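Shown next, in structure tokens, is the structure this report addresses.
All of these numbers come straight from a predicted model, not from anything done at the bench. Within every chain, numbering begins at 1; the chains are lettered A, B, ... in the order of the sequence lines, protein sequences first and strands thereafter. Computed from heavy atoms alone, side chains included, the values below leave out hydrogens, waters and symmetry copies.
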Amino acid sequence: MDLRFTSEQERFRAEVRDWLEAHVPSASRGTGPLPSLDTAEGFEAHRAWERVMYDARWSVVSWPEEFGGRGAGLLEWIIFEEEYYRARAPTRVGQNGIFLLAPTVFEFGTPEQKARYLPAMASGEEIWCQGWSEPDAGSDLAAIRSRATLTTGAPGAGTEGDRWVLNGQKTWCSRGAFADWIFGLFRSDPDAERHRGLTYFLVPMDSPGVTVRPIAQLDGETGFAEVFFEDVEVPAGQVLGGVGEGWKVAMATAGSERGLSLRSPARYTEAAARLVELYRRQAEADPGRAGRHADDVARAVIDAEAYRLQTYWTVTRVLDGGGVGPEASMNKLFWSETDLAIQSTALALLGEEAEMLGDDSRPPPWLDGFLFALAGPIYAGTNEIQRNVVAERVLGLPRA
Amino acid sequence: MDLRFTSEQERFRAEVRDWLEAHVPSASRGTGPLPSLDTAEGFEAHRAWERVMYDARWSVVSWPEEFGGRGAGLLEWIIFEEEYYRARAPTRVGQNGIFLLAPTVFEFGTPEQKARYLPAMASGEEIWCQGWSEPDAGSDLAAIRSRATLTTGAPGAGTEGDRWVLNGQKTWCSRGAFADWIFGLFRSDPDAERHRGLTYFLVPMDSPGVTVRPIAQLDGETGFAEVFFEDVEVPAGQVLGGVGEGWKVAMATAGSERGLSLRSPARYTEAAARLVELYRRQAEADPGRAGRHADDVARAVIDAEAYRLQTYWTVTRVLDGGGVGPEASMNKLFWSETDLAIQSTALALLGEEAEMLGDDSRPPPWLDGFLFALAGPIYAGTNEIQRNVVAERVLGLPRA
Amino acid sequence: MHFAFDEDQLEFRAQLRALAEKQCTPADIREAWASPLGWSRPRWAALAEMGVVGITVSEEFGGMGLGLVDAVLLLEEAGRAGLPEPLVETIALGVPVLADAPGQQGSVLRSRWLSAVADGGVRIAVGMSSMPAVPGAEGAELLLLERDGELHAVPAAAVALTPRPALDGSRRLAQVDWEPSPSTLVVSGFEAEEVLAALGDRAAMGVGAVLVGVADRLVAMAAQYAKDRSQFGKPIGSFQAVKHHLADALVRVEFARPMVYRAALSLSEGDRDASLHASMAKAMASDAATLAARTALQVHGAIGYTWEHDLHLWMKRAWALAAAWGDAATHRARVLEILLAKRP
Amino acid sequence: MHFAFDEDQLEFRAQLRALAEKQCTPADIREAWASPLGWSRPRWAALAEMGVVGITVSEEFGGMGLGLVDAVLLLEEAGRAGLPEPLVETIALGVPVLADAPGQQGSVLRSRWLSAVADGGVRIAVGMSSMPAVPGAEGAELLLLERDGELHAVPAAAVALTPRPALDGSRRLAQVDWEPSPSTLVVSGFEAEEVLAALGDRAAMGVGAVLVGVADRLVAMAAQYAKDRSQFGKPIGSFQAVKHHLADALVRVEFARPMVYRAALSLSEGDRDASLHASMAKAMASDAATLAARTALQVHGAIGYTWEHDLHLWMKRAWALAAAWGDAATHRARVLEILLAKRP
């Protein structure tokens, strides 16, 4: 048992840290902080940051070099993430593509698809949003009704081969207001059983027939959108994985979202460290008041650390050739609750100050973090669904 | 709105207090504390105390005078209970009869049954235990399988009229190890739908064919028992309410158990007051350690007080002619969780001392209280069942 | 012992509920959030007309001459309705301070302000020096402001406001710059301590009442949604997880409610345990509302996370008021402190 | 970075598990509870034979010469198996104290006791003056006792014991009367502070390991029961309430586990954050076990409340150990204290 990094890994860490120190947009350098990525202006600023990272080959460190990465291992990825959060670098506007879609493209994509989509994703040239949920398919994702119909040779379009026509509606599409592409599931065989007959499509948001209705979140900004499809034509090459294989393909992606790759522990350990500093400040001003939240502060910090160690534990198993499996649901329960505990405790420490917006009328960092954390137990499979998964697939309890 | 008692009620309180002060078994008077009522010796000592109370007409203050009570109102009953707990008087060994069966007898019993059973119950001459659960009918009480078969004129017994023959098994019969009588439900019509075809019987524990298997609890003592029925003959006069009406009759009793009458708030407010005193003592010895549980102490005390006020609120509604209804399930959730919170917090304050038994190798009061409180969320309808009831009958959510 | 409201009190609440159903729809609340003031002058006038605003003003000055027990039910209803108007400060804080203000200055204050309050022409904001900003300062004609343990009554003309927007669009906080002077002084010294303590207790009770109403509404919205929304072929309210979440939240709301009513009673009767009761009430109400908000959001799922769904109008109120005038932990600490100060 | 056990470590655990399956059935545990000693000498001998008891004793004295990382997995297994033998005190507390005891006295102590420990002939009990009674004092041949900040090694013959029975029938506490003397002194002054602090950290880690094993067993028993027990015509484990209770408990256990392993690693490596890691581990393990006990009892219902069902054998261990060597709140307070002492 060993929790130390190799000297090579420590050199990698130093390199990441140096680069970030020199490049992260910051007030002192006059380059930051970037405007909210849920505004048109902020979205483009974040896209530009992705490009800066990409040019230095930091945007997708774990990808193969041919697609813009460094072929870094899982541990190096974790190190990169630790440094990224420590440096308080911008939220990754490309994360839906990089963390949710890319693993699926690597697993199911054709060589042409990889070449076509991955570098543009890594550079921020093409930002992706997700098209999972529908108004009547939330927790019950398999209830998807958006349709894909096969036509052979689109009329008058002079195209070759099969084309699909998409109709329907997707919702809660994160980054949907400004994204360039959307990935998601459509029902290609209306007669097949619920989980079958779905196909995974990649669709440009500027396709004729695509309409975007931005949805404002709790903070009033448009972090997600509804996306409507009306006779949207898509060539067969934009199917990811086999026709009718969509559920299997999507679950691989959902596994990434719920599991290890998206949820780097650094995010929580950094937030926890800031919580301790907030506690220190508040306790200096009013020890009695702060002290009433001391237990919650410690609890949140400990849980963040537990998430970090559990990640190392899992990473070791993966590196030793094991898999992740339904334990991913335990991770999702744990990080979402830990995040909410950290943020709620911070607001409790702030007391009557917590409700106040900043001079820009935006929620300041802790309030913003709290609002963001509230979504944690809901998205990527509600925590109720995750508890079912844990009970049924880890503990072996019978389905209802 | 008025939370004061009348001067007449205050006089009643003073009378109760004086009497208890003079009679409650106590170490200083050399009469107490009584041995555990889950031992043969303790059971009889508690029975004797019931008799002392009865002789002074304090055992069933809310009953009509003809059955040994004082015809006291609901508020006087609450006052009596407040004083009873304040005086740390013995646990009522007759409580299953007095609080669970008696309300049913008053509502459904014939005049003969009232005269036959109530005074003997009030005096402690006959102690009752309950026969609700069966090994396969716990949360699913309607799954009762114990049978009652009608025979006309028992063979060779020279008796008159109908007799019933009981067969089956009851379990978790509180006080069952030493009780004189048992009340419970038996399936009198095997063909009827689950909730129908049940009949409520009153059975002497010394009937031929009744076998008692005491069950030891967490503390090693036999607070409950399994009761086996093998061709136990019961005359028709020992049916309470109509034949086949058992479910309706039992639910009235269950309502008492879950609702207002058994769970006097005094029990929790007294325990909460003792918790504050424990905190005071522990904080004098080690303020830092005790302080870590200060929030839990306050929480428990506040909840106990909330239970008291909710009871006054409900009592007022009842006195104004209203009913209790499914809110009883909220009460059960609340008192059981409050009790557990009080007792767990006390153990936390005691720290490493908490696990130690007394010189008599019995759990000392707080540990005993904790073990007892653990049963709260389980008996009288598990808290899971109660949450279903609240959701379905108060909030109107659909059944599964 | 009769722990219930009388017919008149219930009738008054029914009237307020009827008014709110007409004049305080979610669309009205959104309009208020988007307005410069954060609330509506016509609605304030309607509330004054009904007697709500002047409920605690004595009849001598044209009010209803009623007490906190009458007011508590209306404040709860205000929370349930999501009324954007800052009623607590005027009804439960400001008016009683003016009513009890001592000496000649007290008489002057009463004649100058109380009739105008009852008429709906004056709103009162209250600010303690410990507060980062004063809620409802904009739009208030009179500010009761504490500094260095003294309480001052300062007309709006004598203060400078720097708006500090809050997450709840109708809570318009402002930093208040002002100078204490002998002419603004209401009470000082030991007497001020008592007045300020009573003010804090009334705030805990009053805000607690609003919170119980808010929590009640949140649970009701979530229960309704759970009946309407289907997944896996049945209403989500038929799933045990949803049922149990909502049952737990409801229980906390139902048990907080009588605590708030009792606090109002104790405060109006000058019970020696009034502070204890007020803190108990606020602790329970804050927690009940926080839990109700959390539960309601989880039951709604993503739709509850949107600006266009109405849930957030109540959630944000719940979060803000749970922290205002002392959060649950603060009041629990005070409860224990009071209990320990009593000798057993 | 390789956060996993090696094959030897896993194999050792498998051996202990096999031994426990044969020699530590619930019936065996009940027999131990009913016995005068509370545990079994033959089983101790078997554990010694296997190398468990002497795992941390150096090879020089006939032990395995292994460290706390090797031991932690066995202690977890001891908890899972419900072993009545007081292993933590000997393996994780006593032996390392003796191994590091300074000076001439240290050499004397090592030669006198360590071989006997490894042979299974000697058990060590540990008592701090802050403890109301010393666990495992009866049956221990050597007691390590703290008084006034000094640590003493006192042979059983030199102490007088007053048994203080505990709820867990194999935790035989006793009050220990003894007199410190120069001949019993192991370490004093500043050096003793360090030794005692390290002792407390190892106790937090070691007891935490047992707790994780206990918690794991409790969840497993409850999950099995939920599959076997039917109500309303289906296994109770198909009800969402039962599923979610158990999922939540499992999550707390699974996330406590690596914390305990890391604490063992940090302690064995003398990491400067070892105290922090030990306290984090104990806080999580205490809470996980308490929650697992609560959940397992609720899932079992009345049957779990009986003496004849095996659940209580583990529940009572969970309650006792959750409080031993500092409860969760104590360790959380220590975590925050350590973090605040670091300058950012």
Side-chain angles (χ1 to χ4, degrees), chain C residues 218-219 222-255 283 286-288 290-305 323 327-337 339-340, chain D residues 218-219 222-255 283 286-288 290-305 323 327-337 339-340:
Chain C
L218 284 164
V219 171
Q224 188 58 49
Y225 185 77
K227 289 175 217 177
D228 297 341
R229 167 79 173 168
S230 281
Q231 286 282 273
F232 303 103
K234 51 187 177 179
I236 61 169
S238 63
F239 289 97
Q240 224 178 16
V242 171
K243 282 183 184 174
H244 289 198
H245 281 325
L246 284 172
D248 284 336
L250 179 69
V251 164
R252 297 310 304 182
V253 178
E254 291 297 328
F255 280 81
S286 285
D287 276 353
T290 307
L291 179 65
R294 177 82 197 79
T295 303
L297 177 58
Q298 190 65 21
V299 168
H300 277 80
I303 188 78
Y305 197 77
D327 63 10
T330 299
H331 283 285
R332 281 196 294 271
R334 185 161 177 253
V335 163
L336 189 55
E337 196 182 292
L339 290 173
L340 290 171
Chain D
L218 284 164
V219 172
Q224 188 59 50
Y225 184 77
K227 289 176 216 176
D228 296 342
R229 166 79 172 169
S230 281
Q231 287 282 273
F232 303 102
K234 50 187 178 179
I236 61 169
S238 63
F239 289 97
Q240 224 179 15
V242 171
K243 283 183 182 170
H244 290 198
H245 281 325
L246 283 171
D248 284 336
L250 180 69
V251 165
R252 296 309 305 182
V253 178
E254 291 297 329
F255 280 80
S286 285
D287 275 353
T290 307
L291 178 65
R294 177 83 197 80
T295 303
L297 177 58
Q298 190 65 20
V299 168
H300 276 80
I303 189 77
Y305 197 77
D327 63 11
T330 301
H331 283 285
R332 280 196 294 270
R334 187 163 175 252
V335 163
L336 189 55
E337 195 181 295
L339 290 173
L340 290 171

Once side-chain hydrogen bond (donor to acceptor under 3.5 Å, both in side chains) is applied, do any residues pair with Gln298(D), and if so which ones, sequence neighbours excluded?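 By the side-chain hydrogen bond (donor to acceptor under 3.5 Å, both in side chains) rule, Gln298(D) matches Glu384(B).
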Looking at residues at least two apart in the chain, or sitting in another chain, which of them share a side-chain hydrogen bond (donor to acceptor under 3.5 Å, both in side chains) with His331(C)?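 Per chain and number, His331(C) pairs via side-chain hydrogen bond (donor to acceptor under 3.5 Å, both in side chains) with Ser279(C).
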By number, which residues in residues 240-251 of chain C have some heavy atom less than 4.5 Å away from chain D?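 Heavy-atom contacts from residues 240-251 of chain C to chain D are Gln240(C), Ala241(C), His244(C).
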For Gln224(D), what residues pass the side chain to side chain contact (heavy atoms under 4.5 Å, CB included) criterion, not counting sequence neighbours?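 Side chain to side chain contact (heavy atoms under 4.5 Å, CB included) list for Gln224(D), sorted by chain: Lys227(D), Asp228(D).
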